[in-house]
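I have placed the structure first, in the form of structure tokens, so that the comments after it can refer back to it.
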Protein chains: 2
Amino acid sequence: MRWDDGTLVLLDQTKLPDEEVYLRCESPEEVAAAIQRLSVRGAPAIGVAAAYGAVLAANGCREPEPGDFRRAVSGKLEMLRAARPTAVNLPWAIDRMLGVLDRVAGRDPAAQRAALLEEAQAIEREDVDACEALGRFGAELIPDRATVLTHCNAGALATAGRGTALAVVYAAAAAGKDVRVLSDETRPLLQGARLTAWECQKMGVPVTVLCDNAAGWILSRGDVDRIVVGADRIAANGDVANKIGTYPLAVLAREHGVPFYVAAPTSTVDLAVATGREIPIEERSPEEVTSPRGLRVTPEGVSALNPAFDVTPHELVAAIITEQGIAEAPYVESLARLVREGSGAARSG
Amino acid sequence: MRWDDGTLVLLDQTKLPDEEVYLRCESPEEVAAAIQRLSVRGAPAIGVAAAYGAVLAANGCREPEPGDFRRAVSGKLEMLRAARPTAVNLPWAIDRMLGVLDRVAGRDPAAQRAALLEEAQAIEREDVDACEALGRFGAELIPDRATVLTHCNAGALATAGRGTALAVVYAAAAAGKDVRVLSDETRPLLQGARLTAWECQKMGVPVTVLCDNAAGWILSRGDVDRIVVGADRIAANGDVANKIGTYPLAVLAREHGVPFYVAAPTSTVDLAVATGREIPIEERSPEEVTSPRGLRVTPEGVSALNPAFDVTPHELVAAIITEQGIAEAPYVESLARLVREGSGAARSG
């Protein structure tokens with residue numbers, strides 16, 4: 001993902017690993033569509049993309065009056081906010097962009113545009129730094145000669161930087177530890193088989209793919225040392241919404257005494273949400289289930305359930321790795337402290 | 001599956017639900033190949049197919065001397081036995097056919113052939129009856145207005161009769177209960193999405209497919225009343241080897257207080273195996289994982305794990321439903337008793 005002279009350029013993740021196709025988004029509508037169809041995905045990456053979507057909205061807005069300009073751009077921001085419901089980085093980034101609009105209200109459109117671009121670039125830069133920092137913190141939790149099981153893709157493709165869960169793996173490898181990744185394929189959209197495998201291969205980290213339903217057996221054989229996943233939204237009490245299939249992994253991790261870690265920037269923590277029960281869970285099209293990669297496998301007329309996320313109760317989470325440090329239970333205290341420090345760092349940064 | 005004038009006719013399950021293609025097997029090698037590539041699958045169905053494979057071996061054997069004939073046919077039976085390692089119905093059926101060869105040793109080849117055909121037909125008939133009987137026993141465990149989650153396909157396609165887990169559902173529906181099925185898609189070969197959905201649709205039972213990794217979330221929402229699965233081999237202590245992904249379901253069932261039942265004929269119980277640890281678990285080609293339905297999804301050069309089965313410890317199993325009745329803990333006693341009654345019934349039947 002890069003900002004290229006007034007255009008947001010995205011690697012279309014729906015095409016990986018077969019093709020490396022770049023999309024050029026020139027309007028906020030194109031950014032929203034890219035978010036909806038998962039051309040760009042991963043909570044932090046969605047936040048950064050939406051921030052640049054706000055810049056595109058401002059650049060495309062022809063209203064000459066500061067007040068009209070602000071209203072028109074705000075409307076586009078609400079359209080972007082509604083693109084997907086679960087990842088909190090999306091409303092978080094939109095709120096930051098709205099905050100900028102508030103601060104520069106009354107200034108001419110050119111100044112408003114410049115301020116929005118500056119904020120989007122700050123959000124992107126902070127995400128790069130957060131990945132770097134949380135990777136370093138998390139690497140401490142990975143022993144040498146470790147097999148790390150992960151789910152979905154919480155890597156460079158899911159962020160502006162080196163990732164969350166995978167940043168931890170990359171940092172452990174960079175620190176000289178012998179680390180290999182087991183990647184759940186992650187049905188229905190196979191982000192683990194397609195994206196995590198592709199990324200690890202590029203990074204030179206040994207990676208082996210398995211079907212989601214095989215993780216329990218592999219854990220029971222004692223072949224996993226740590227589980228590290230990303231997050232789409234973390235409630236104030238430490239409940240974690242993440243890609244569907246995360247919750248069963250956490251239950252199985254406890255069953256087999258394997259530490260289950262969540263890696264996410266503090267921008268993924270939503271203190272306004274007390275518990276996971278309040279997190280909206282996106283239901284996506286049944287066709288993602290019935291027709292993997294466009295190839296129908298079920299008989300015609302058979303329906304399917306397709307919840308895109310699940311919620312892992314905080315009791316199952318051994319630690320939450322953020323760019324401000326590692327949160328442990330009781331999360332209601334540790335997360336509040338780290339989020340406070342995170343916003344402070346963002347303001348002063 | 002039917003025996004048609006010297007040929008074993010099999011519905012090729014690898015082609016379902018797209019095409020209903022029938023294979024005509026005329027040699028034991030063709031039967032073994034059909035078992036290996038899962039054109040015929042499901043522990044009881046594999047046993048019946050192997051029994052007819054033994055008949056094909058006898059029919060194709062040109063040795064005129066009784067002793068030579070017996071040796072040649074026995075050799076083919078060992079080839080059939082080695083087709084797949086986990087389902088015990090395969091060696092169980094082969095041992096029954098060898099027992100017949102022992103009983104008719106010394107008689108001329110035509111008499112040996114006739115005795116083998118009679119035994120294969122008995123094995124098939126007993127399986128039809130077992131499905132019927134275990135369905136009736138199991139239906140008692142299904143409440144009215146129940147949602148039953150199942151994994152893989154343990155239906156008519158997996159047996160000579162109406163199935164095991166699905167026979168329970170069909171019997172409950174036939175008894176007037178309102179039952180719907182949630183079918184795990186069952187990666188890598190998608191037997192749930194392809195076969196269970198197809199079968200339930202034909203039987204008029206409402207069926208909804210979900211990704212394997214979504215079952216935990218659906219259970220946590222309280223949307224499942226019972227889990228019923230089949231089995232490939234049950235150890236003397238009640239440990240159950242079944243399709244990969246069964247074990248995590250059993251752990252999640254306990255987590256959410258949902259009864260987890262296994263439905264299987266006593267021919268699937270292997271009293272020679274004390275615990276699940278001794279059951280051989282088949283590892284199949286990584287390409288089943290990396291290339292679902294032949295379409296490669298992982299980058300080139302990425303490896304995959306593909307254990308075809310897992311073992312569910314008996315502590316997680318609420319009941320084992322057989323054609324002789326329902327076994328409950330302690331299984332080491334209840335299973336031994338039902339197996340004894342099962343062999344008695346087979347001998348007298």
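First the proteins, then the strands, lettered A, B, ... as listed; each starts at 1. Values reported hereafter were calculated over all heavy atoms of this structure, with side chains retained and with hydrogens, waters and symmetry mates removed.
Heavy atoms closer than 4.5 Å to chain A are found nowhere in B/L219, neither backbone nor side chain. Of the atoms belonging to A/L16, not a single heavy atom falls under 4.5 Å from chain B. Within the 4.5 angstrom heavy-atom criterion, atoms from both the backbone and the side chain of B/L210 approach chain A. In this structure, the portion of B/L295 lying under 4.5 Å from any heavy atom of chain A is its side chain and not its backbone. Both the backbone and the side chain of A/I244 come within less than 4.5 Å of a heavy atom in chain B. For B/I218, the part sitting under 4.5 Å from any heavy atom of chain A is the side chain, from C-beta outward, and nothing else. Residue contact with chain A, scored on non-hydrogen atoms closer than 4.5 Å, involves the side chain of B/S220 exclusively. In this structure, chain A has no heavy atom under 4.5 Å from any part of B/R277. Using a 4.5 Å cut-off between heavy atoms, A/L182 touches chain B through its side chain atoms alone. If you measure heavy-atom distances from A/N213 to chain B, the contacts under 4.5 Å come from both the backbone and the side chain. Contacts of A/L190 with chain B are made by side-chain atoms alone, with heavy-atom separations under 4.5 Å and no backbone atom involved. For a residue to count as touching a neighbouring chain, one of its non-hydrogen atoms must lie under 4.5 Å from one of that chain's; by this rule B/P307 touches chain A with the side chain only.
When each of A/C211, A/A214, A/P248 is scored by its heavy-atom pairs under 4.5 Å with chain B, the top score falls to A/C211. Heavy-atom pairs under 4.5 Å with chain B were tallied for A/V289, A/V251, A/V297; the largest tally goes to A/V297. Options A/T290, A/D18, A/T196, A/V311 differ in how many heavy-atom pairs under 4.5 Å they form with chain B, and the most are formed by A/V311. Contact tally against chain B (heavy-atom pairs below 4.5 Å) for A/V302, A/T312, A/L249: the top residue is A/V302.
Side chain of B/D310 to backbone of B/Y247: a donor-acceptor contact under 3.5 angstrom is found. Put simply, the side chain of A/E282 never gets that close to the backbone of A/A87: no donor and acceptor are under 3.5 Å apart. Under a 3.5 Å cut-off, the side chain of A/T186 and the backbone N or O of A/C152 do form a donor-acceptor pair. Checked by atom type and distance alone, the side chain of A/R194 pairs as donor or acceptor with a backbone atom of A/Q13 at under 3.5 Å. A donor-acceptor contact shorter than 3.5 Å links the side chain of A/R296 to the backbone of A/T298. Side-chain atoms of A/E288 never come within 3.5 Å of backbone atoms of A/N306 as a donor-acceptor pair (strictly under, hydrogens ignored).
Of the inter-residue distances, the one linking A/Y331 atom OH with A/H314 atom NE2 reads 9.0 Å to the nearest 0.5 angstrom. To the nearest 0.5 Å, the span separating CD1 on B/I227 from OH on B/Y261 amounts to 11.0 Å.
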Handout entry: Steps toward side chain to side chain contact (heavy atoms under 4.5 Å, CB included) verdict (A/V228, A/I142)
Key = CA-CA 10 Å; A/V228 189; A/I142 308 297; 4.2 Å; yes
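Between B/R187 and B/D212, none of the side-chain N atoms (NZ, or NE/NH1/NH2) sits under 4.0 Å from a carboxylate O, so this pair counts as no salt bridge.
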